[in-house]
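Numbered from 1 within each chain, the chains take letters A, B, ... in sequence-line order.
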Amino acid sequence: MLSFEHLSKTYADGTRALSDINLTVHEGEIVALIGGSGCGKTTLLRLIAGLDRESAGRIRLDGEVLSGPHPAVGIVFQEPRLLPWLSVFDNIAFGLDGLSTAEKKARVTHALEKIGLVEHADRWPRDLSGGQQQRVSIARAFVTNPKVLLLDEPFSALDAFTRASLHEHLLGLWEETRPTVVLVTHDVQEAVTLADRAVVMQPKPGRIFDELPLTLARPRDRTGLPFETSVRRVLTALDHSLKAPQQQPQRERDRQAAALWW
Amino acid sequence: MTGPATSQAWSSHEGAAALAAPTSTEKRRVFDWRILLGFFLPVAIALLWEAAVTFGFAEGRLVPPPSRIIAMLWGLAQTGELWTHAWMTLWRVLVGFIIGALSGIVLGALSGSSQTLRQLLDPTLQALRAIPSIAWVPLFILWLGIFEASKVALIAVGVFFPVYLGIAGAILSVDRKLVEVGHVFRLSRIQLARRILLPAVLPEAVIALRSGLGLGFMFVVAAEFMGASEGLGYLLVDGQQMGKPDQILAAIIAFAILGKLADSLLLVATKPLVRWQDTVRERL
């Protein structure tokens with residue numbers, strides 16, 4: 001179980017990226033963080049990954065307070081971030097340093113089969129397409145069998161067809177070990193396709209606006225009515241979250257006007 | 001779940017597309033005749049000059065025609081003089097290059113990887129770099145004598161600075177995003193240096209070494225000007241004092257060939273290290 005308690009992050013320049021985040025993600029659950037740009041989605045992910053330090057509050061994984069990168073937490077970035085000097089095979093094996101050669105080979109080969117790139121094992125990353133590179137990046141995160149997998153808009157740079165196929169690959173890998181997944185996205189369709197729960201966030205400062213359970217049965221039919229309804233619900237929440245901050249200054253002005261009146 | 005079927009179709013589709021792309025061996029098989037275009041200008045000028053001297057339009061005493069230069073080279077090669085001089089020059093460059101490059105790599109790595117060390121080392125080294133290296137010559141002669149040590153020291157100084165700057169700069173410009181991958185997999189500082197920083201700086205390190213080698217050849221001439229009885233630089237000085245422009249040009253050509261050979265050797269030796277690079281270098 002992954003939980004955030006009063007989590008806040010203020011950058012050195014005073015930007016309040018996150019303010020008082022409280023959220024619990026259950027084991028094996030897929031949670032989509034969704035929201036407009038600048039609402040702290042990526043910051044939250046970087047805090048869980050241990051790449052940045054929180055300013056206040058804590059993150060707990062099964063009761064243990066996370067401080068810095070944790071072996072049970074894996075991350076897939078927005079870009080593939082493969083090491084260009086390693087073959088596809090070695091890139092996937094990058095995090096498996098402590099294991100025996102045989103174990104390494106077995107795990108990587110299995111992952112390659114799952115992502116359908118067995119015949120590309122000995123190629124350089126530069127020889128792969130963007131979608132293939134991102135698949136390798138997902139495999140690299142999965143082979144260490146993380147308890148928590150963080151996905152930072154991993155499909156945002158890809159075209160719609162490649163994205164749909166990558167969703168399948170991702171769910172295929174997820175089915176095996178069922179890790180807890182925190183997915184950052186700005187694509188509502190993607191959130192509804194993958195997640196058990198959508199957490200809508202709001203900017204300035206980044207905070208949670210609403211949580212929507214997505215209880216559709218898997219595999220999800222993207223053309224069905226229930227899917228459409230869910231998408232609409234998330235879109236509505238998102239819409240409200242984006243409108244809310246503009247209402248605030250209005251209220252502030254009203255208060256100031258009232259103060260002047262008196 | 002319909003997943004596996006669709007995904008299989010996708011992967012084989014993309015696989016086929018990747019296989020259909022021409023491989024590098026196929027590309028290399030076609031010889032590009034335009035490479036020969038580069039030879040046109042120098043060969044044409046040489047032939048014109050040769051004709052001008054042969055038909056009496058020019059005297060060719062100060063600018064000897066190609067045939068005289070080739071004859072001079074041939075003569076020097078026959079007596080074995082050419083090899084003695086070339087070997088001497090090469091030996092000086094090699095020793096100076098090794099000393100300069102090694103110290104450049106070590107100090108560059110230190111200054112690139114630690115902020116404190118950079119603030120300690122870099123200002124001094126930058127100040128020293130501002131001194132024209134030839135200005136050291138009198139001091140080196142006083143300190144190290146007029147023989148090999150002072151010459152090698154001058155070459156080492158010339159090689160050191162580009163290597164130092166290149167290595168330190170390369171480490172500082174390593175992509176933060178790749179370093180974060182190392183952090184996520186909890187690499188120690190040493191592991192991070194070995195598994196991410198070192199491979200990432202190799203391409204720029206090779207470029208730094210090449211420019212260092214180029215400067216090494218520049219400084220060996222300066223070093224040999226300041227008093228040598230052997231070496232291609234000596235052939236130059238001797239040619240000037242004896243009024244033999246053909247000997248000077250022969251030495252210059254020998255320098256050009258040696259420099260190019262050494263550079264190509266370095267390039268071939270380091271090629272396996274940077275084979276993964278996704279650049280146009282392969283076509284250059």
Q.
Minimum heavy-atom separation for B:His183 and A:Leu51, please, with both atom names.
A. CB-CD2, 3.8 Å

Q. Which bit of A:Arg46 comes within less than 4.5 Å of chain B, counting heavy atoms only: side chain, backbone, both or neither?
A. side chain

Q. Could you give the distance from CG (A:Leu83) to CH2 (B:Trp276), rounded to the nearest 0.5 Å?
A. 9.5 Å

Q) Mind checking which of residues 171-179 of chain B sit less than 4.5 Å from chain A, heavy atom to heavy atom? A) B:Arg176, B:Lys177, B:Leu178

(Q) Could you tell me if the side chain of B:Leu187 sits less than 4.5 Å from the side chain of A:Phe94, heavy atoms only? (A) yes

Q. If every non-hydrogen atom of A:Arg126 is compared with every non-hydrogen atom of B:Arg275, which pair is closest and at what distance?
A. NH1-O, 3.3 Å

Q. Is the CD atom of A:Glu27 crowded by more than 12 outside heavy atoms at less than 6.0 Å?
A. no

Q: Could you tell me whether A:Arg53 atom CZ has more than 12 heavy atoms of other residues or ligands within 6.0 Å of it?
A: yes

Q. Taking side chain as C-beta onward, heavy atoms only, is A:Thr144 less than 4.5 Å from B:Phe185?
A. yes

Q) Does CD1 belonging to B:Ile190 count more than 12 external heavy atoms closer than 6.0 Å? A) no

**Q.** Contacting region of A:Leu82 [heavy-atom separation from chain B under 4.5 Å]
**A.** backbone

Q: Could you check which of A:His70, A:His167, A:Arg140, A:Arg218 has the highest count of heavy-atom pairs closer than 4.5 Å to chain B?
A: A:Arg140

Q. Should B:Leu202 and A:Trp85 be marked as a side chain to side chain contact (heavy atoms under 4.5 Å, CB included) after you check the CA-CA gap, both sets of side-chain angles, and the distance that decides it?
A. CA-CA 10 Å; B:Leu202 274 177; A:Trp85 51 85; over 6 Å; no

Q) Can you check whether A:Ile75 reaches B:Glu180 side chain to side chain, under 4.5 Å on heavy atoms? A) no

Q. In terms of heavy-atom proximity below 4.5 Å to chain B, should A:Pro71 be classed as side chain, backbone, both, or neither?
A. both

